[in-house]
Amino acid sequence: MHDWNVSVQEALDLQERLQHKVILSNGFDPARLKTVAGIDASYADDQALAVVCVLSFPELTLLEQAKISLPNPFPYVPGLFSFREGPAVLKALETLTLTPDLLIFDGHGYAHLRRFGLASHIGVYLDCPAIGCAKTRLVGEYAPPGPDLGDFSPLTDTTSSGQETIGAVVRTRPGSKPLFVSVGHKIDLPTAIQIILKCLRGHRLPEPIRLADQISKEKYIL
DNA sequence: GCGACAG
DNA sequence: ATCTTGTCGC
């Protein structure tokens, strides 16, 4: 679709050109969701290590996992995260036997400076439904969500045309910091929130992400 | 000019 | 993300 070995300026141009391809409505039937994939990565010695965990839904049983590394990742630049993590993630997804119905990323989707975070970029690139799940804020303002599991408040951002809801700040676990959920691609925000809540197993992070996060930190490639 | 800034 | 000891708060 496009080259990933780009300069900072080229990366910015790509985001500007592709951001309009993001679809914020459901491109699938939530009732027929059978498999979800949690995606995360770690970095060490100039190597990016991407991990993909495919789980059944709503049972959340691990069905398959992919773990692959790639050298010389793009540097970390706030707003251009997909160019750092994207290449390794795509390579890991290629080795998958199963084709997950939905991708869940450790990072933002629509809640991005140019509305094109990691989840949106990969979602559009593969034309697959995707959700962004970040542990901290990149852009936008919000009021702390209620204290109970499932409570959430809107994440808004000011644009030339006024205020816009770009995501939701969700209480995924009482007493813990909230999670920043945003649309990646082919899904609407309410549905994304519902699915994330159904992926919780008593932790702050949804099970697919928690698993991928854990495995990516176990520096060992099979 | 001075902060803020996914992982 | 990664590097890292003790320590403040619930």
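Letters A, B, ... mirror the listed sequences (proteins, then strands); counts begin at 1.
Regarding A/D45, its CG atom lies at a distance of 17 Å from the P atom of C/dA1, rounded to whole Å. Between the OH atom of A/Y142 and the C1' atom of B/dA4 there is a distance of 13 Å, given to the nearest Å. Rounded to whole Å, the distance from NZ on A/K177 to C1' on B/dA6 is 12 Å. Atoms NZ (A/K217) and P (C/dT2) sit 6 Å apart, rounded to a whole Å. If you measure from atom CG of A/D46 to atom C1' of C/dT2, you get 14 Å, rounded to the nearest angstrom.
The shortest distance between side-chain heavy atoms of A/I187 and A/I23 does not fall below 4.5 Å.
Remark: ring of A/F81 does not overlap the six-membered base ring of B/dG7 in a stacked fashion, as centroids less than 5.5 Å apart with planes less than 30° apart are not both met.
Around CG of A/D45, the count of heavy atoms belonging to other residues, nucleotides or ligands within 6.0 Å does not exceed 12.
In DNA chain C, no run of at least 3 Watson-Crick or G-U pairs (N1-N3 plus N6-O4 or O6-N4, or N1-O2 plus O6-N3, all under 3.5 Å) shows up, so the stem list is empty.
Across all strands, A/Y43 comes closer than 4.0 Å only to sugar-phosphate atoms, never to a base (heavy-atom distances).
Minimum atom distance to the side chain of A/D40 is reached by B/dG7, of the listed B/dA6, B/dA4, B/dG7. Of the candidate nucleotides B/dA6, B/dC5, C/dA1, C/dA1 has the atom lying nearest to any side-chain atom of A/S42.
Using a 3.5 Å distance cut-off with no hydrogens or angles, the side chains of A/S25 and A/D188 do not pair a donor with an acceptor.
Between the side chain of A/S182 and the backbone N or O of A/G167, no donor-acceptor pair lies under 3.5 Å. Between the A/E64 side chain and the A/T97 main chain, a donor and an acceptor come within less than 3.5 Å of each other.
An OP1 or OP2 oxygen of B/dG7 is reached within less than 4.0 angstrom by a side-chain nitrogen or oxygen of A/T136. Residue A/R137 places no side-chain N or O under 4.0 Å from the OP1 or OP2 atom of B/dA6.
Between A/Y125 and the options A/K21, A/H185, A/H2, a side chain to side chain contact (heavy atoms under 4.5 Å, CB included) holds for only A/H2.
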